[in-house]
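Quick caveat, the model's predicted, so the values are computed rather than measured.
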Amino acid sequence: MSGCCNNTVDFKKEKNRLVTHRDFVRDKIERTHNKTGKVSDVVFEWLKETDILIQQLENLSAQAITRKQFKKLLKRVMEQNTKVPSGNYIQESSTPIPSLEHFSSGNLMCFNSREKISDQLFVALKDDSSMIGLYGSQGSSKTTLVEAMAKKVKYLEIFHEVLFVKVTQNSNIRTMQDEIANSLNMKFDKNSESGRAREIFSTIESMNCPILVIFDNVPAKFDPEDIGIPCNSNRCKILLTTCCQKDCDLLSGQREIQLDPLSRLEAWSLFQKHSCFYDDEKYSRFDLLNVAYEVALECEGLPRTIKDVGSFLKSRPIEEWKTTLDILKHSMAKWQIFLSFRGEDTRYSFTGYLYQALSQAGFKTFMDDGGLHTGDQISPSLVNAIEASRLSIIVLSENYANSSWCLEELVKIRECMKLKNQLVWPIFYKVDPSDIRHLRKCYGKDMDRHENNFGINSERVQKWRSALFEVSNLSGKAYTTGYEYEFIQKIVEDANRIKSRLQIRRA
């Protein structure tokens, strides 16, 4: 009996030693990855075996085990403790890793927003996720970012092979298979797409090293396994870039990372770099400074647009800057006014009459017909309509916050107000702005329900709260009683007064 007790004590002791060794090695790897040190494959192999063994030990309490099996397991734990990788396998260096800007050959400026995203991407590339989706607007420099990250992880030997496949309109399964085969120095024995896919799959699975496959700018209907890329392999990781989060969802990305537009300050800094604004003495005039700043903001925080516009305007006269500003202000706009409203409350009453009055006054107005909602997310068509409008009018009625669609619209409108200088008019329709600001009455009840559904600390709910607070503090119009047509007429008159700001350039 005492021998069994001794074995139990030894077992706990060896198990605790193994956990300590595992945590120490993990910490050492983490610190090494953040520097220019190198980590041998032996370390990762030991860590993988140890994780499996510790998991088996954790499951022991729920299993019946014989004395013989117990001794065998104890022996395995003791042997694993003797195999802890030495410092020769993990070599640290005090020299920091070059910035991502270095790996992009200067094409990527490491702003705070980009550093945050690159850190998220770097962590995702090192964790257990087999598939990662990076999404952002066209022109947000997704390609530049992933190209630089590909060089970084190759430099750090996190992946021994990195395959980069740029998906274009002319790309098909065969052309992508040819590109991958080229990178892997393999030749196909089969001619059919499925046969070629099996050969690529087999080649990757037989590789004795970690591999990263990047598909850049993928369409919605895309499955890496059709090409031959294993989606649940321990050695193969897939990184996909796309323009829309919805496409990431369809791709079943285990990790989704959003690449937001640059902030105003970041956009202005990047624009100054490419336009050489302060390098030319004639650009010191105050009138041009105002135009230049507006031009930078009209580029919508998109690095590629900022670079192209800035480079084009370099050393050009102020007249061309003003012309460019006018074009930018109107080139993206398809709608003069976007109406955001709770359909059940006001579609066939106030908002319907407002839409008719604005349209009769000659304003190109967007009003959702009720068919652009999918699930609990607003559709890409609705997002595009908000982005392509000059003014958003938000009809805040009693049940507005009851709808997650309306709240998502509100968040998007708020984003366009900040990043694109879009005008926003709140209409407090039979509600008190202070009830919205402090989430009282129906607005408080609706937000409590959303918190129950999505969690009190949900990032999504926090964005909704913030958007409601901000819009309730904007200067708007309140309607309680009286003739609605007179109230609507005042809105139309206000729109007419700023008609020059709402003009859109016809194609």
Side-chain angles (χ1 to χ4, degrees), residues 335-370 373 378 382 385-386 389-414 416-418 422-451 461 463-499 501-502:
W335 307 95
Q336 290 172 290
I337 300 172
F338 177 90
L339 296 180
S340 177
F341 62 100
R342 179 69 165 116
E344 293 177 8
D345 283 0
T346 64
R347 178 186 302 280
Y348 301 112
S349 53
F350 177 80
T351 303
Y353 301 143
L354 175 60
Y355 171 78
Q356 183 183 31
L358 289 168
S359 298
Q360 287 177 347
F363 291 101
K364 193 172 182 185
T365 307
F366 183 94
M367 177 178 171
D368 176 21
D369 62 1
H373 294 138
I378 57 174
L382 206 53
I386 295 171
S389 299
R390 303 301 297 162
L391 163 67
S392 284
I393 297 179
I394 307 165
V395 182
L396 293 156
S397 56
E398 183 179 8
N399 296 303
Y400 185 91
N402 183 264
S403 167
S404 59
W405 299 329
C406 289
L407 293 170
E408 288 292 331
E409 283 182 18
L410 190 64
V411 170
K412 187 64 186 177
I413 289 169
R414 177 193 183 205
C416 290
M417 179 180 71
K418 292 187 173 183
Q422 188 180 94
L423 296 171
V424 177
W425 290 355
I427 303 296
F428 302 102
Y429 183 76
K430 298 182 180 180
V431 293
D432 190 325
S434 64
D435 289 340
I436 300 175
R437 187 178 306 118
H438 301 294
L439 297 180
R440 294 191 297 240
K441 297 183 180 178
C442 52
Y443 277 79
K445 291 177 183 177
D446 288 333
M447 291 311 297
D448 287 342
R449 183 176 60 82
H450 291 313
E451 284 180 355
V461 174
K463 284 183 178 180
W464 292 348
R465 281 178 166 272
S466 180
L468 283 169
F469 180 82
E470 193 162 335
V471 76
S472 68
N473 282 302
L474 292 177
S475 176
K477 290 183 178 295
Y479 174 82
T480 50
T481 59
Y483 291 112
E484 285 193 0
Y485 76 87
E486 290 181 349
F487 182 74
I488 287 171
Q489 190 55 43
K490 289 178 182 177
I491 298 173
V492 175
E493 288 171 3
D494 287 344
N496 273 315
R497 274 193 282 271
I498 61 163
K499 202 160 193 174
R501 289 194 64 183
L502 302 182

> Yes or no on side chain to side chain contact (heavy atoms under 4.5 Å, CB included) for K430 and D345, after CA distance, side-chain angles and deciding distance?
Replying inline: CA-CA 11 Å; K430 298 182 180 180; D345 283 0; over 6 Å; no
> Tell me, do Q489 and E493 make a side-chain contact under 4.5 Å, heavy atoms counted?
Replying inline: yes
> Got a second to check how far H450's NE2 is from S404's OG, nearest 0.5 Å?
Replying inline: 6.5 Å
Identify every side-chain donor-acceptor pair in residues 348-358 under 3.5 Å, counting partners at least two apart or on other chains, and give the distances.
| residue | atom | partner | partner atom | Å |
| --- | --- | --- | --- | --- |
| T351 | OG1 | T346 | OG1 | 2.6 |

> Do other residues, nucleotides or ligands put more than 12 heavy atoms under 6.0 Å from E344 CD?
Replying inline: no
> Quick one: CG on L502 to OG on S389, what's the gap to the nearest 0.5 Å?
Replying inline: 10.0 Å
>> Between the side chains of D432 and K441, is the shortest nitrogen-to-carboxylate-oxygen separation below 4.0 Å, so that they form an ion pair?
In response: no
> For the atom pair CG (D435) and SG (C442), what is the distance rounded to the nearest 0.5 Å?
Replying inline: 7.0 Å
> For the atom pair CD1 (I427) and CZ (F487), what is the distance rounded to the nearest 0.5 Å?
Replying inline: 4.5 Å
>> Determine whether Y400 and E409 satisfy the following criterion, side chain to side chain donor-acceptor pair (under 3.5 Å), listing intermediate values before the conclusion.
In response: CA-CA 11 Å; Y400 185 91; E409 283 182 18; 4.7 Å; no
> Just how far is it from atom CD1 of I337 to atom CZ of R390, taken to the nearest 0.5 Å?
Replying inline: 12.0 Å
> If you count the non-hydrogen atoms of other residues, nucleotides and ligands that lie under 6.0 Å from CD in E451, is the total more than 12?
Replying inline: yes
> Taking all atoms of both residues into account, what is the closest heavy-atom pair of M447 and L407, and its distance?
Replying inline: SD-CD1, 4.2 Å
>> If you compare all heavy atoms of W425 against all heavy atoms of A495, which two are closest, and at what distance to 0.1 Å?
In response: CH2-N, 3.6 Å
> Tell me, do E408 and W464 make a side-chain contact under 4.5 Å, heavy atoms counted?
Replying inline: yes
>> Whether the side chain of R414 engages the backbone of V471 through a donor-acceptor N/O pair (distance < 3.5 Å, no angle test) should be reported.
In response: no
> In terms of side-chain geometry, is the basic nitrogen of D448 or K445 positioned less than 4.0 Å from the acidic oxygen of its partner?
Replying inline: no
> Of the non-hydrogen atoms in S397 and V431, which two are nearest, and what is the gap between them?
Replying inline: C-CG1, 3.7 Å
> What's the shortest heavy-atom distance between S475 and P426, and which atoms?
Replying inline: O-CD, 3.5 Å
> So, for F341 and D368, which heavy atoms are closest and what is the spacing to 0.1 Å?
Replying inline: CZ-O, 3.8 Å
> Heavy-atom distance under 4.5 Å between the side chains of K499 and F363, does that happen here?
Replying inline: yes
> Using the ring of each side chain (for Trp, its six-membered ring), is F338 parallel, tilted or perpendicular to F366, with breaks at 30° and 60°?
Replying inline: parallel
>> Quick check: do D494 and K477 have side-chain heavy atoms less than 4.5 Å from each other?
In response: yes
>> Minimum heavy-atom separation for N399 and D446, please, with both atom names.
In response: CA-OD2, 4.5 Å
>> So, taking the atom named CZ in R347 and the one named CG in L339, what distance separates them when rounded to the nearest 0.5 Å?
In response: 11.0 Å
